[in-house]
Amino acid sequence: MPAMGSQAPIARSLLAWYARKGRDLPWRRDPNAYRVWVSEIMLQQTTVVTAIPYYNRFLRRYPTVRSLARAGEEDLLAAWSGLGYYHRARNLLKSARIICREHGGEIPDTLEDLLALPGIGAYTAGAILSIGHNLPFAAIDGNIQRVISRLGSLRGDPTKAPVRRAIAGLIHQLMPRRRASDFNQALMDLGAMVCTPREPRCPVCPVRSGCEARRLGLVDSIPPRPKAGGALAVEMVAVAVRRDGDCLLVTRRDGSINRGLLEFPLAGFSGEGDARELAIRMGARLVGRVGHVRHTITRHRIRIAVYDARPSPAGRRRGGGRRPISLSEPQERLSTGAGDPSARWCALEEIAADQGLPVSGTARKIARLLMRPGRRLGQTAGPV
Ligand code: SF4
């Protein structure tokens, strides 16, 4: 275990600072394990500022684990719409149902039971146990890795097992057993507000007198900077098939990513010919090019060329092996044949809005592109 300043004063200083300067976050008001769980799942791939309005809406709609367990998947995805990474919402739903079925509606308070739930890993379990149940468990996220690595002058990669073990050991040395909840949240806030990745504010840090990295002049090199991973460029086309002005055709995804969400018909290529073929498969014809949107998922930098299309009377005849949808039918839900299980007409405003429909992030961006001035009635940026 590395040398470090005396542990009790470090914890005392940190907790006193947290009492004065800790962030006022909605999941910290009247906290319980359910709220901690929902907030931690939302924060996995979302910043605090972005998550707050979604969290407030979600808690109004599903205030308890039992209300969440009763939710329909489509309603839940609509409540999650805009946050992305929808597997998080599906796992919340599955876990809520297991908790009601197997734990009497109480969020488990053992590591073993929590890790058995879908979507809950070591960090989230530690957060629920420590912050939600005030039990002495570590919850080691990136912020806490950095803070503890600097406090103890741990020079290795904090994502690797030996350093992770050392970090967990230091946290357990420092943590006052009855203040696990406040202690872990104080570390999180210190990492977010003071001991930041670049230019940490050491002169105002409440634990500076016990910080080994500061004493040794190693603050800028701990933790070591990760090597940048290469981004992958992906080109796609989307067709916006319109009828009746601003009514657009969307399909429901059935793949592993964004399953169940509504999106515009998409194909993984970039040329106009690909867009034309996609339109034909949807029983439509291209009428113009609208522009493009960009979207990032993990390392994928996606550029989607968007084309305007109209229902084609000849669509049925040109559909080839795939059965194209009948765009003349007035119903809201249409069968589109193999590989494209459902489609429906939705108002452009509904697709572009932040709540209501379970819509993918790319569909929302495309809808907003279509809503820009001069595009509402289908004016295009160029002919095809
Ligand atoms: Fe981080 Fe500086 Fe505080 Fe050490 S003194 S914990 S490096 S902010």
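The shown structure was predicted, so the numbers you read here are calculated from the model rather than taken from an experiment. Read the numbers this way: they start at 1 and go in the same order the structure lists the ligands and their atoms. Numbering starts at 1 and runs along the sequence shown.
- E40 and Y123 are linked by a side-chain donor-acceptor pair at a separation below 3.5 angstrom, with hydrogens and angles left out of the test.
- Close approach of ligand 1 to V219 is summarised as follows: ligand atoms under 4.0 Å from at least one heavy atom of the residue are 7 (S).
- Salt bridge D24/R28: absent, no basic N to carboxylate O contact under 4.0 Å.
- Contact atoms of ligand 1 toward R208: 5 (S) (distance under 4.0 Å to a heavy atom of the residue).
- At the top of the distance list for atom 1 (Fe) of ligand 1, counting protein heavy atoms only, stands C195 SG, 2.4 Å.
- Here the protein heavy atom with the shortest distance to atom 4 (Fe) of ligand 1 is C211 SG, 2.4 Å.
- Here the heavy atom of the protein found nearest to atom 3 (Fe) of ligand 1 is C205 SG, 2.3 Å.
- Annotation for ligand 1: atoms under 4.0 Å from non-hydrogen atoms of R214 are 5 (S).
- Among the atoms of C202, an N, O or S atom falls under 2.8 Å from atom 2 (Fe) of ligand 1.
- In terms of heavy atoms, P223 sits closest to R146 at CD-CG, 3.6 Å.
- A salt bridge is defined here as a Lys NZ or Arg NE, NH1 or NH2 lying under 4.0 Å from an Asp or Glu carboxylate O, and R344 with E74 meets this definition.
- Contact annotation: V147 has no heavy atom less than 4.0 Å from any atom of ligand 1.
- Both the sub-6.0 Å distance and the 45° axial angle are satisfied by R57 relative to the ring of Y54.
- Each of I120, T124, D109 was evaluated against L114; a single residue qualifies, I120, per the side-chain contact (heavy atoms from CB on, under 4.5 Å) test.
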